[in-house]
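The sequence lines fix the lettering, A, B, ..., with proteins before strands; numbering per chain opens at 1.
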Amino acid sequence: MNVKLFGLMLVLLAVTFESVGQLFLKKGAITNGINRWVAIGIAFLVVEVFFWTSVLHNIDLSMAYPMGSLSFVGVTLLSSFILKEKVSLKRWLGVGLIVGGTTLVGVF
Amino acid sequence: MNVPRSKSVPIGVWVGLGLAIAIDTAVQLSWKSAVLAVPQSATLLETAAVTLRQPLFYAVIVMFLLQFLNWMRVLSRVDLSFAQPITAASYVSVAVLSAVLFHENVYLFRCVGIAFILLGVWFISQTDHNTTEDAAGSLRGEPATAVVPEQLGVRSTAQSEARKDI
């Protein structure tokens, strides 16, 4: 597989782990005391460090780092669909701009 | 967390925000430098193993800790929606320094893409959110609807997670 394509897939994996990790941390934060949600959240973030290391190994930093902003998108989707948080139109607009921006950075 | 907006932001907060941008940038540059020691053909596990032997990678972990402390201090003094878009400046500093230090080709599409992302972050920071007055309650293990952990991490990926790990 092409190195850049592999790197981009790793970015998506890292961002997914970041977003799901954040979801668990949020669940943990609204649950009493130190709990398993926080532990699971931290585990996801540790795995993300593993993937991010390989992202940096495979693609330019100036491509990888801006693409990390896709975690805004992942967190917004998970907050909306799983935590049922109300997401405003402005926020969806921001999400759209980030998707557009990361596409420009990643594809071209 | 109804704390001062731009009109009366103390100098200490600006220093904290500048430090946040500098640390975010240094983390990514150091992490990338550490990974440069990995042979091109390395597998995922080999990449991790070689990186774990690089002193720079441990510098990255120390910077995560410093960033966590600095960021909590900044957030105790200003709203997240004020602090977050300012620190997105690291998208620019990382790109510029990648071009200078690693001779990466930061061409027009990449610049326009980063501009879109900055605008997107700004829009996201403008949205209303359900932040409680006592957001710290969640840190003490009390139930709260605070957005603190979630939005903390939203700031940026990878470089921010250890900030919450610690």
Side-chain angles (χ1 to χ4, degrees), chain A residues 3 10 14-15 18 21-23 25-26 28-34 41-42 45-46 48-57 60-72 75-76 79 83 85-88 90-91 93-108, chain B residues 28-29 31-32 34-35 38 40 42 44 47-48 51 57 88 90-91 94-95 98-99 102 104-107 109-110 112-130 138-139 141-150 153-154 156-162 164-165:
Chain A
V3 171
L10 287 171
V15 165
E18 159 93 18
Q22 292 298 330
L23 178 77
L25 286 187
K26 173 69 180 178
I30 54 179
T31 309
N32 274 327
I34 298 293
I42 290 172
L45 297 176
V46 169
E48 192 212 347
V49 168
F50 171 77
F51 283 126
W52 193 252
T53 299
S54 273
V55 164
L56 294 181
H57 176 234
D60 279 359
L61 177 58
S62 60
M63 174 183 278
Y65 187 61
M67 295 199 74
S69 66
L70 282 173
S71 61
F72 284 96
V75 168
T76 303
S79 307
L83 297 176
E85 289 178 7
K86 199 169 153 280
V87 176
S88 67
K90 242 184 189 171
R91 191 169 179 112
L93 188 60
V95 163
L97 282 164
I98 287 173
V99 170
T102 51
T103 305
L104 284 174
V105 170
V107 175
F108 296 101
Chain B
Q28 294 300 320
L29 294 171
W31 202 337
K32 178 73 182 179
V35 169
V38 180
Q40 195 52 53
L44 288 185
T47 302
T51 306
F57 184 71
S90 64
Y91 290 117
V94 167
S98 299
F102 305 125
E104 291 183 7
N105 187 3
V106 185
Y107 44 83
F109 276 120
R110 230 170 251 190
V112 174
I114 290 170
F116 269 58
I117 291 167
L118 290 176
L119 199 59
V121 172
W122 185 78
F123 266 105
I124 284 176
S125 72
Q126 296 303 303
T127 53
D128 295 331
H129 42 73
N130 186 17
S138 63
L139 298 176
E142 297 159 7
T145 49
V147 291
V148 172
E150 166 213 346
V154 166
S156 51
T157 187
Q159 92 285 18
S160 66
E161 78 285 332
K164 292 144 290 163
D165 291 355

**Q.** Gap separating the CZ atom of B:Phe116 from the OG1 atom of A:Thr103, nearest 0.5 angstrom
**A.** 10.0 Å
Q) How long is the span from the CD1 atom in B:Ile114 to the OG1 atom in A:Thr102, to the nearest 0.5 Å? A) 11.5 Å
Smallest separation among heavy atoms of [X] and [Y], with atom names:
X: A:Trp52; Y: B:Gln28; value: NE1-OE1, 3.1 Å
X: A:Ser54; Y: B:Leu44; value: OG-CD2, 3.0 Å
X: A:Leu97; Y: B:Gly120; value: CB-CA, 3.7 Å
X: B:Val94; Y: A:Leu61; value: CG1-CG, 3.7 Å
X: A:Asp60; Y: B:Arg110; value: OD2-NH1, 3.1 Å

Please classify the contact between [X] and chain B as side chain, backbone, both or neither, with a heavy-atom cut-off of under 4.5 Å.
X: A:Leu23; answer: neither
X: A:Ser88; answer: side chain
X: A:Phe108; answer: both

Q | Heavy-atom pair count under 4.5 Å with chain A, highest-scoring of B:Gly113, B:Ala95, B:Ala34, B:Ala48 | A | B:Gly113
Side chains of [X] and [Y], heavy atoms from C-beta outward: is any pair under 4.5 Å?
X: A:His57; Y: B:Thr51; result: no
X: B:Trp31; Y: A:Val55; result: no
X: A:Thr53; Y: B:Val38; result: no

Q.
In terms of relative ring orientation, are B:Tyr91 and A:Tyr65 parallel, tilted or perpendicular, with 30° and 60° separating the classes?
A. tilted
(Q) Taking side chain as everything from C-beta outward and backbone as N, CA, C, O, which of these in B:Leu29 sits under 4.5 Å from a heavy atom of chain A? Side chain, backbone, both or neither. (A) both
Q: Select one option (side chain, backbone, both, neither) describing which atoms of B:Ala99 are under 4.5 Å from chain A's heavy atoms.
A: neither
Q. Heavy-atom count around B:Phe109 CZ within 6.0 Å, excluding the residue itself: above 12?
A. no
